[in-house]
Structures are given as C-alpha cells and as structure tokens.
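Accompanying notes for the structure given below.
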Amino acid sequence: MGVRVRFAPSPTGELHVGGARTALFNWLFARKHQGVFILRFEDTDIERNRLELIEPILESLRWLGLLWDEGPYFQSQRLSLYQEWAKRLLSEGKAYKCYCTPEELEKKRQAALAAKQKPRYDGHCRALTPSQEQRFISEGRKPALRLKIPQSGTIVVEDVIRGRVEFDLAELDDFIILRSDGRPTYNFAVVVDDVTMGITHVIRADEHLNNTPKQILIYHAFGEGLPVFAHVPMVLAKDRSKLSKRHGATAVFEFRDRGILPEALVNYLARLGWSHGDQEIFTVQELIENFSLSAVHPSAAIFDEEKLCWVNQHYLKTSDPHGLGELLRPFLVKLNIMSEAEAHAVPSGRLAQIVVLFRERAKTLIELAEPARYLLTDTVSYEPEAVQKFLTPEKIELVRGLAEALAVVEPFTASELERATRAYLEQQGKALKDMAQACRVALTGRTAGAGLFETMELIGRERVIARLRQASAKRLEQFHV
RNA sequence: GUCCCCAUCGACUAGCGGCCCAGGUCACGGCCCUUUCAAGGCCGAAACGGGGGUUCGAAUCCCCCUGGGGACGCCA
C-alpha cells in the first residue's frame with residue numbers, strides 16, 4: 001500500500017513555525033515516497049475553534065509550497081462517523097456509558113492532584129447495574145462513552161525516531177471517547193480518521209507521544225493494524241520554553257511579512273532537527289530526495305532567527321533578480337515608500353537593478369526594499385550624525401564641484417560616472433576616499449550603502465545633480481550654521 | 001506528585017567503539033580586500049552535563065544522578 005500521511009492542525013491559532021515544520025516533514029515524506037499528503041482540521045472543540053483561521057492556515061501552507069493532495073477534511077463534518085464507530089465499540093462491550101458529570105470528575109481530579117497522585121478515572125461507571133443506570137437516567141444525566149481498557153499489561157509504541165517506548169497500562173484509565181453531547185474526543189476522532197483515511201505513517205509533534213498508547217488501545221478495540229509512528233521533536237524558543245507569542249515572531253505569516261522567502265523558511269525548518277551530513281542549503285528537490293524520518297534528530301531544537309536570516313540572504317543572493325524584484329512591490333507600499341499605483345508602475349528592470357545592488361547587504365525583502373526610498377523617490381532622510389561628520393564646508397565645495405562635472409556625463413552609467421569623477425578629483429588633487437562619503441551622504445542621507453557610482457546611476461542624473469548641489473543646504477537645515 | 005521524551009561549542013548539527021586532544025554552519029573576535037556598509041577570503045575563540053560500569057579502547061553501549069521539555073481533561 002502506498003504511503004498516506006496527514007497534517008492535522010486545529011484551527012485555534014495561526015500556523016506557527018513548529019506546525020509548519022511538522023507539515024513540512026509530512027509533505028517531504030509523502031513526496032519522497034510518491035505518497036499522498038492529506039490535510040485535516042481537528043475542529044471538534046467548539047469553544048476554541050475559529051473558522052476565520054482556516055483560510056490563513058491554508059494560505060500559509062500554500063505560501064510554503066506544501067500543497068495537499070487530499071482534503072482539507074473537517075472533523076466537525078464527520079460527527080456521525082465517529083458516533084457510528086463509537087456505538088460499534090459500545091455494542092461489542094469494548095466501551096461503556098459513564099454518567100459521571102464533569103463537575104464530579106473535576107472534583108476527583110483535584111483531590112488526586114492535591115494528594116500528589118496521578119489523576120485517573122476510578123471506573124465508577126464501569127459495571128453499573130441496570131437499576132443504578134436507571135437512576136442516573138431519571139436524574140436526567142447524559143452519558144459519555146468510555147473505552148474499557150485492559151486492567152494490566154503494557155502498551156508498546158514503536159517509534160521511528162525514538163525507538164521502542166513502553167507504557168504501563170496502570171498509567172492509563174478508561175478515557176472518554178465520546179462526550180455526552182455526542183462529539184468525539186481528540187484521541188478517538190484521530191484514530192477513526194487515521195483508520196478511515198488509510199493513514200500509513202503518523203508524523204506528528206512530540207507532545208503527542210503520550211497520547212499514542214491511548215490511540216493504540218483504540219486501534220486494538222477496532223481490530224485495526226497500527227500505522228508507523230514518528231514523533232518529531234518540538235521547536236523551542238530561545239529560552240528553551242515552548243514557542244509562544246511573547247517570543248516575538250512565531251507565525252509563518254509574520255516571517256512572510258518580515259520579508260523572509262518561503263524557500264528560505266522551508267530550508268531552515270528542514271534543517272532544524274534534521275540533517276544530511278554537513279549540507280546547509282537544499283533545494284526542495286534535494287530535500288525530497290534526501291529526507292528520511294530515521295535521520296530526524298530526537299532532541300528539541302531552538303528556533304534561531306539569525307540563522308534563518310542567513311539562509312534567507314543566501315536565497316536573496318542566488319535567486320533571479322527579476323523574480324525578487326517583483327516581490328519587492330508590496331513592500332514598497334507597506335513601507336510607505338510609494339502608493340500602490342506607483343509601486344505597480346515601477347519598471348521591473350529598475351527593481352531588478354536594486355536587487356542586484358543590495359542583495360548582498362540585505363537579509364530580508366524589507367531591507368532590500370528600503371533603499372528604494374532614496375533610489376526611486378525624492379524622499380531622502382538625512383542622518384544627522386552622517387551630515388555632521390561628512391558634509392563639512394570643505395567637502396561640500398568638492399561635492400558641488402562634482403555636480404557640475406557630472407551634469408554633462410553621457411551616458412549616465414556607473415562606469416562613465418566613475419571615470420568622470422576620478423578625472424574631476426585628479427584635477428582637484430584629491431583621492432576618491434576624500435570625497436566618497438560626503439557624496440554618499442549628499443545622495444542618500446546615510447553612510448552605508450551600495451557602490452557609489454551604481455547608486456548614482458540608479459538615482460538618475462536629475463536627482464543626483466540636484467542632491468549634490470543641495471549638499472550645503474542640508475547642512476544649514478540641520479545645524480543652523 | 002506520577003509517567004514519558006531528550007542531553008556534543010551560545011545556536012543548528014556531524015559523529016552510529018578506534019579515522020575525534022571532536023568536523024561543518026549561524027552568531028562572535030581578528031586580519032585581508034575596499035569609496036562606506038555589506039559580501040567574499042583567511043585565521044581564531046568555543047562543546048562531548050556529572051558519576052559509575054562494559055571494553056585493550058567510549059562522544060559513541062549500559063546504569064544512576066542532574067538538568068531541560070512534554071503529558072496526566074467530556075482541550076487538541
């Protein structure tokens with residue numbers, strides 16, 4: 001039988017990087033084995049589910065390129081299926097009705113916790129007499145369904161990543177599979193789905209390892225064979241705790257909005273907890289070819305944004321400039337550099353030039369788009385310290401002289417500009433380094449940037465001449481000297 | 001409290017008994033290149049948590065401790 005795997009998020013929040021990595025591992029495994037990648041929403045918790053989160057999760061997966069072959073399925077639409085399967089267990093005597101109320105159970109749990117005991121259902125309703133049951137019914141109690149589990153023995157989980165893990169049945173109890181309102185509980189719905197969907201490999205986060213013996217018990221009750229289990233380690237924040245909002249960016253969308261490329265996030269996430277020798281950079285194709293569950297490192301990994309940025313810059317430096325240029329447009333708007341119409345109107349060749357010029361200095365698309373402000377518009381913000389330090393009266397004279405020298409350069413290209421500038425400087429008895437920074441500050445307002453002449457070419461003759469001529473005015477403006 | 005998982009530089013990891021006085025990558029420091037900032041090149045600092053075993057030999061196998069994480073719901 002072919003490989004069938006699933007990614008099963010619950011729509012209670014945005015897709016975060018931990019979930020994305022679980023999805024990625026499933027997807028890679030499916031692609032590698034020509035299998036089927038199924039998407040399923042585990043949305044049986046009516047209180048916490050939010051329908052409006054479904055589309056963003058789908059969009060996050062699409063953005064990452066993790067397209068599903070089947071689904072999305074919704075557990076909320078399969079309720080009758082779970083009920084049927086639960087009734088089957090009831091009629092076979094493998095499950096029983098429990099009339100205990102949530103309040104009664106909560107009381108017992110608190111008592112157990114207070115006594116430093118493991119909370120465990122006491123089997124109160126396991127063998128109710130007809131009259132006892134009749135009394136509960138007449139009290140108006142609605143029963144939940146519990147699985148009747150063996151009283152002793154061990155359950156063995158064979159995990160591809162962790163090896164053999166044993167659980168003592170004394171640690172488990174007769175857990176609820178169907179709530180009193182007819183909705184299935186997590187563990188039950190998962191197994192019914194995994195069985196009916198023909199899932200062959202369950203690849204999910206580590207935190208579910210403890211659920212696995214319960215689920216195995218359900219497989220046993222159904223008389224179904226087990227899938228292969230693989231529990232992937234968690235992704236932790238810098239402080240080694242579970243990744244959460246207070247740790248800054250955790251959602252896939254946040255990284256997209258920060259200008260991280262999907263291929264970079266995929267590459268980084270794949271290398272988090274998995275490796276293939278010393279290789280750091282992988283194309284998706286290489287990932288598919290080399291991925292294997294047994295090579296997944298068993299320990300939790302810390303999410304390191306700096307390394308993500310390094311990977312991102314790698315893709316910035318190696319991807320097609322025209323393609324990257326197009327990705328810049330929305331950022332031009334978001335960064336208030338220009339209006340949407342203006343951003344749309346920028347020739348794609350100009351954007352590609354910016355990419356080529358700045359990709360080695362930018363970690364993200366935001367950093368790549370930022371220089372467009374002084375490159376493509378008249379908005380130049382002058383850093384006071386830069387003006388103070390480099391636009392001295394002497395330098396301003398040099399720069400203004402350069403303006404006149406460059407006014408006639410034809411064509412207005414980096415190489416011609418450099419030739420003309422060097423000629424001008426030679427005539428003035430100066431070296432390039434005597435004026436370069438003053439010139440850069442006059443043109444861009446800052447001290448750091450791309451090559452001076454390439455920058456001039458991109459800014460264009462008119463603006464270059466104007467900014468060089470205005471150099472002294474800038475100093476006056478800021479320091480009132 | 002009980003159960004489960006994990007443990008190599010600050011981080012991601014290589015290592016699956018001798019090739020390791022531990023290799024690569026990010027970050028960090030220095031030098032070179034240079035009109036700035038980067039990028040790039042070269043160099044450097046930096047780890048097998050502790051204790052017992054097993055073995056001729058242990059980062060690698062076993063046990064204990066410690067530390068970190070997770071689970072124990074009519075949440076998922």
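No experiment lies behind these values; they were computed from the predicted model shown. Within every chain, numbering begins at 1; the chains are lettered A, B, ... in the order of the sequence lines, protein sequences first and strands thereafter.
- B:G51 and B:A58 have their P atoms separated by 14 Å, given to the nearest Å.
- For B:C74, one of the phosphate oxygens OP1 or OP2 lies less than 4.0 angstrom from a side-chain nitrogen or oxygen of A:Arg109.
- Residue A:Pro298 is classed as a sugar-phosphate contact, given heavy-atom separations below 4.0 Å to backbone atoms only.
- Residues satisfying the ring-ring contact (aromatic ring centres under 6.0 Å, His included) test with A:Phe74, not counting sequence neighbours, are A:Phe41.
- The pair A:Lys317-A:Glu360 does not count as a salt bridge, with every side-chain nitrogen at least 4.0 angstrom from each carboxylate oxygen.
- Contact check for A:His220 versus A:Lys94: no side-chain heavy atoms found under the 4.5 Å cut-off.
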(message) What does the B/S/- profile of nucleotides 58-64 of chain B look like, 5' to 3', with a 4.0 Å heavy-atom cutoff to protein?
(response) -------
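- Considering only residues two or more places apart in sequence or on other chains, A:Asp45 meets the salt bridge (Lys or Arg N to Asp or Glu O under 4.0 Å) condition with A:Arg48.
- Residues meeting the ring-ring contact (aromatic ring centres under 6.0 Å, His included) test with A:Tyr268, sequence neighbours left out: A:Phe303.
- Distance, A:Asp45 CG to B:C74 P: 13 Å, rounded to whole Å.
- The CZ-P distance, from A:Arg120 to B:G73, rounds to 11 Å in whole Å.
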If you restrict it to nitrogen or oxygen atoms, what contacts under 3.5 Å exist between nucleotides 45-50 of chain B and the protein, and what is each distance?
none

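- The interatomic distance linking A:Leu209 (CG) with B:C3 (P) rounds to 15 Å, in whole Å.
- Here A:Trp68 pairs with A:Phe37, A:Leu39, A:Leu58, A:Leu61, A:Arg62, A:Pro72 under the side-chain contact (heavy atoms from CB on, under 4.5 Å) rule; sequence neighbours left out.
- Test A:Ile366, A:Asn312, A:Leu365 against A:Ile260 for side-chain contact (heavy atoms from CB on, under 4.5 Å) and you get one pass: A:Asn312.
- At the heavy-atom level, A:Thr12 lies nowhere under 4.0 Å from the strands shown.
- Taking only side-chain nitrogens and oxygens, A:Thr101 never comes nearer than 4.0 Å to OP1 or OP2 of B:C74.
- Listed by chain and residue number, A:Arg40, A:Arg78 satisfy the salt bridge (Lys or Arg N to Asp or Glu O under 4.0 Å) test with A:Asp193 (two or more places apart in sequence, or in another chain).
- Using a 4.0 Å heavy-atom cutoff across all strands shown, A:Ser180 reaches at least one base atom of the nucleic acid.
- Taking A:Lys242 as the reference, A:Glu207 meet the salt bridge (Lys or Arg N to Asp or Glu O under 4.0 Å) condition, with sequence neighbours excluded.
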(request) Determine, for nucleotides 19-39 of chain B in 5'-to-3' order, which nucleotides have protein heavy atoms under 4.0 Å from the base (write B), from only the sugar-phosphate (write S), or from neither (write -). (result) ----BBBSS-------BBBBS
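- For A:Phe136, the ring-ring contact (aromatic ring centres under 6.0 Å, His included) partners two or more places apart in sequence, or in a different chain, are A:Tyr99.
- Among the protein residues, A:Phe167 comes within range of the sugar-phosphate backbone only, with heavy atoms under 4.0 Å from sugar or phosphate atoms but none that close to a base.
- Taking atom NZ on A:Lys238 and atom P on B:G10, their separation rounds to 14 Å, with Å as the unit.
- Note: CG (A:Asn267) to C1' (B:C12) measures 12 Å, nearest angstrom.
- The ring-ring contact (aromatic ring centres under 6.0 Å, His included) check on A:Phe282 picks up A:Trp274, with sequence neighbours excluded.
- For the pair A:His208 NE2 and B:A71 P, the interatomic distance rounds to 9 Å; values are reported in whole Å.
- With both ends at atom C1', the span from B:G49 to B:C6 equals 13 Å, rounded to whole Å.
- Between the side chain of A:Thr185 and the base of B:C74, no donor-acceptor pair under 3.5 Å is found.
- Remark: the separation of the P atoms in B:A76 and B:A39 is 48 Å, to the nearest Å.
- The distance from atom CZ of A:Arg359 to atom P of B:G40 is 13 Å, rounded to the nearest whole Å.
- Atom CG of A:Asn211 is separated from atom P of B:C72 by 7 Å (rounded to the nearest Å).
- Contact between the side-chain N/O atoms of A:His297 and the OP1/OP2 oxygens of B:A14 is found at a separation under 4.0 Å.
- Look at the P atom in both B:C3 and B:G73: the space between them is 16 Å, to the nearest Å.
- Residues satisfying the salt bridge (Lys or Arg N to Asp or Glu O under 4.0 Å) criterion with A:Glu454, sequence neighbours excluded, are absent altogether.
- The six-membered or imidazole ring of A:His201 lies away from that of A:Phe25, with a centre-to-centre distance of 6.0 Å or more.
- Nearest-nucleotide assignment on RNA chain B puts the 5′-proximal partner with A:Glu171, out of A:Glu171 and A:Gly273.
- For B:C61 and B:C16, the C1' atoms lie 11 Å apart once the distance is rounded to whole Å.
- Of all nucleotides present, only B:U2 satisfies the Watson-Crick or G-U wobble test against B:A71, with each distance under 3.5 Å.
- When both pairing distances are held under 3.5 Å, B:A22 makes no Watson-Crick or G-U pair with any nucleotide shown.
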